[in-house]
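So that the names make sense, note that chain A is the first sequence line, chain B the second, and so on, each numbered from 1. As a basis for the values below, the full set of heavy atoms in this structure was taken, side chains included, without hydrogen atoms, waters or symmetry mates.
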Number of protein chains: 2
Amino acid sequence: MNQHTQYSKGCAACQDRTDIFGGLCQSELNQIDDKRIEVHFKAGELIFKQGTPNMHFLCLTQGKVKTYIEGYNNKNLILGVVKPVEYILGPGIYADQMHHFSAMAIEDSVACLVDLVTFKSLIRTNADFAEDFLKKVSLQSINNYELFISLTQKQMPGRIADVLLYLKDKVYETNPFHTTLSRQDLADMSGMSKESAIRILREFKDENIIQVNGNDFEILNADHLVKISQTG
Amino acid sequence: MNQHTQYSKGCAACQDRTDIFGGLCQSELNQIDDKRIEVHFKAGELIFKQGTPNMHFLCLTQGKVKTYIEGYNNKNLILGVVKPVEYILGPGIYADQMHHFSAMAIEDSVACLVDLVTFKSLIRTNADFAEDFLKKVSLQSINNYELFISLTQKQMPGRIADVLLYLKDKVYETNPFHTTLSRQDLADMSGMSKESAIRILREFKDENIIQVNGNDFEILNADHLVKISQTG
DNA sequence: CAAAGATAATGACATATATCAATATATCTA
DNA sequence: TAGATATATTGATATATGTCATTATCTTTG
């Protein structure tokens, strides 16, 4: 990606492409704009790391970012994939000012960093914005509950089905779709070894539920995938 | 528990026993007090159920409550045990007005129900209260991340170790402790079958890490439990 | 107190899943 | 382009964990 083709018309322009700034007036948007740092990340680059201080509110304007918890034995658990225009919010902002998960660009990406002082002051002064934020946090929480059930109560086919449906419906929003996620990433999203993830994908392929060619996926039988997701 | 020995001096009295009302002035406390319904639950009674409308903000003043997600095949995942004075907050409040998990009294309990209109209006008008609330939500979120890692990346001994340490340090805050949680509950907290939970407990007993007698537990070697928790 | 019902404990067995090793394929780099 | 490195795939095997059946223990209730 060319560094000069960047999207830098300010927060007002982004406002058209998302709902998260809907509760802000022009002067409030300017507050954010003034404190905004636009940063470009190459695919594979770490955006922030679990365990480091959380100093900024981060808004993704281009590319895709995976968020993941670094667990034991170098095993990661991918919480989700963020796409533009969406912010990446960690619970540390209002707790211990630390990052509780890491974020890595899986495509060349552009993110805006806003210092937390500005962000928190807006939360305090604009009740609509605070409510919108609470709503976002809540929706993320609901997603986490679904992830909990998927990871702890479903067998491997159900978990892989959930990942495929998530990618199709929530991340790429197309079918077929191309992903830059590796097989290891798919495994980290479904809490299994990469060998197991590969095996399940092959089974789905053999049963004509999906078509796979490298990193190109097509869901051929979404209903069947939903059924597999539900029956564990 | 005798219905007449109830704690009913109003929110101001509860304020001494918790931090959650710290950001409220007297008139705001009165607002809550006016809309407050105090309800007694017997052990085993359902307080609210996943999938039903979420109409109240709930504050536990006596007893203990387990919160759990109802998954597939009648399998539950216990998120945690709430003790007084703490509120039980679901993400539905700011999302779809639904309960996303269930709550059940595991001891005779008393809870205050406050309608959400009052609660939300306080969030809008009192920035300190809103920040305190965000902090609570964030801490809960951080706990959930730890639970994620425990449930998805640790083997059974590590998961049972986490449950035992959680009960000792966070729920009962004594050692030895007595619990009203069944073996099935312990299994639902650690994402395994009750038979497996029982087996691991016996192993810990045989290794003199814990002492178990029915529902009376004593952690004899906490350091060892911590080590087991860390090595998976 | 005895009977009944629930909960707990244990063993035998089945199976889902991880691990290890080998090979294949893709991607990078000199 | 060739070599090197990373990633993907497959098969054989080990193991963690669930399921089922049985017995034991506790708790309730008439």
Side-chain angles (χ1 to χ4, degrees), chain A residues 42-45 66 71-78 104 106-107 150-163 178-206 210-217 228 231-232, chain B residues 42-44 66 71-78 104 106-108 150-163 178-206 210-217 228 231-232:
Chain A
K42 291 204 194 71
E45 284 183 343
K66 68 174 176 185
Y72 297 90
N73 305 111
N74 292 320
K75 277 171 53 169
N76 297 330
L77 177 68
I78 294 181
M104 182 181 284
I106 61 168
E107 298 174 4
S150 177
L151 291 173
T152 61
Q153 300 199 344
K154 295 183 186 181
Q155 307 202 142
M156 296 197 298
R159 272 139 56 198
I160 290 290
D162 284 339
V163 167
H178 175 87
T179 184
T180 54
L181 292 163
S182 68
R183 295 297 191 267
Q184 181 66 60
D185 285 329
L186 299 181
D188 289 344
M189 291 176 82
S190 46
M192 66 185 71
S193 68
K194 67 177 186 305
E195 291 94 334
S196 291
I198 289 166
R199 260 182 269 269
I200 305 292
L201 286 174
R202 159 152 276 283
E203 281 176 36
F204 285 179
K205 189 177 177 178
D206 290 346
I210 61 171
Q211 187 51 256
V212 191
N213 200 330
N215 285 341
D216 292 309
F217 290 78
I228 291 172
T231 56
Chain B
K42 292 203 195 71
K66 68 175 176 184
Y72 297 88
N73 302 113
N74 292 321
K75 277 173 51 170
N76 297 330
L77 178 68
I78 294 181
M104 182 181 284
I106 61 167
E107 298 175 4
D108 291 350
S150 177
L151 291 173
T152 61
Q153 300 199 343
K154 294 183 186 181
Q155 307 200 143
M156 295 197 298
R159 271 139 56 196
I160 291 288
D162 284 339
V163 167
H178 175 86
T179 184
T180 56
L181 292 163
S182 68
R183 296 297 191 267
Q184 181 66 60
D185 285 329
L186 299 181
D188 289 344
M189 291 176 82
S190 46
M192 65 184 71
S193 68
K194 67 177 185 304
E195 291 93 334
S196 291
I198 289 167
R199 260 182 269 269
I200 305 291
L201 286 175
R202 159 152 275 283
E203 281 176 35
F204 285 180
K205 189 178 179 179
D206 290 346
I210 61 171
Q211 187 50 256
V212 191
N213 200 328
N215 284 341
D216 291 309
F217 290 78
I228 291 171
T231 55

**OP:** Answer with yes or no whether the side chains of B:Asp162 and B:Ser150 bring together a donor and an acceptor at under 3.5 Å.
**Re:**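 Yes, side-chain donor-acceptor contact under 3.5 Å.
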Subject >> B:Asp216-B:His178 side chain donor-acceptor pair, cut-off 3.5 Å >> reply: yes
Could you state the atom-to-atom distance from [atom1] of [X] to [atom2] of [N] in whole Å?
X	N	atom1	atom2	answer
B:Ile200	C:dT10	CD1	C1'	14 Å
A:Ile198	C:dT19	CD1	P	14 Å
A:Arg199	C:dT19	CZ	P	12 Å
A:Met192	C:dA16	CE	P	13 Å
B:Leu201	C:dT7	CG	P	17 Å
B:Asp216	C:dA8	CG	P	13 Å
A:Asn73	C:dA18	CG	C1'	12 Å
A:Ile160	C:dT17	CD1	P	11 Å

Subject >> Options C:dA21, C:dT10, C:dT17, nucleotide nearest the side-chain atoms of A:Glu195 >> reply: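 Of C:dA21, C:dT10, C:dT17, C:dA21 is nearest to the side chain of A:Glu195.
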Subject >> Given C:dT19, C:dT17, C:dA8, the nucleotide with the shortest approach to the side chain of B:Ser182 >> reply: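 Closest nucleotide to the B:Ser182 side chain: C:dA8.
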Determine the minimum heavy-atom distance between [X] and [Y], stating which atoms define it.
X	Y	value
B:Ser190	B:Ile160	OG-CD1, 3.6 Å
A:Gln153	B:Tyr72	OE1-N, 3.1 Å
A:Gln211	A:Lys205	OE1-CE, 3.6 Å
B:Ala161	B:Ile228	CB-CG2, 4.1 Å

Original post:
Is any side-chain nitrogen or oxygen of A:Ser193 closer than 4.0 Å to OP1 or OP2 of C:dT17?
Top reply: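 Checking A:Ser193 against C:dT17: no side-chain N or O falls below 4.0 Å of OP1 or OP2.
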**OP:** Could you tell me whether the phosphate oxygens of C:dA8, OP1 or OP2, come under 4.0 Å of any side-chain nitrogen or oxygen in B:Arg202?
**Re:** no
Original post:
Do B:Phe217 and B:Leu201 have side-chain heavy atoms sitting under 4.5 Å apart?
Top reply: yes
Subject >> Polar side-chain contact A:Arg183-C:dT25 base: donor and acceptor under 3.5 Å >> reply: no
**OP:** Heavy atoms of chain A, cut-off under 4.0 Å: which first and last nucleotide of DNA chain D, 5' to 3', fall inside that, if you could look?
**Re:** D:dA8 to D:dA12
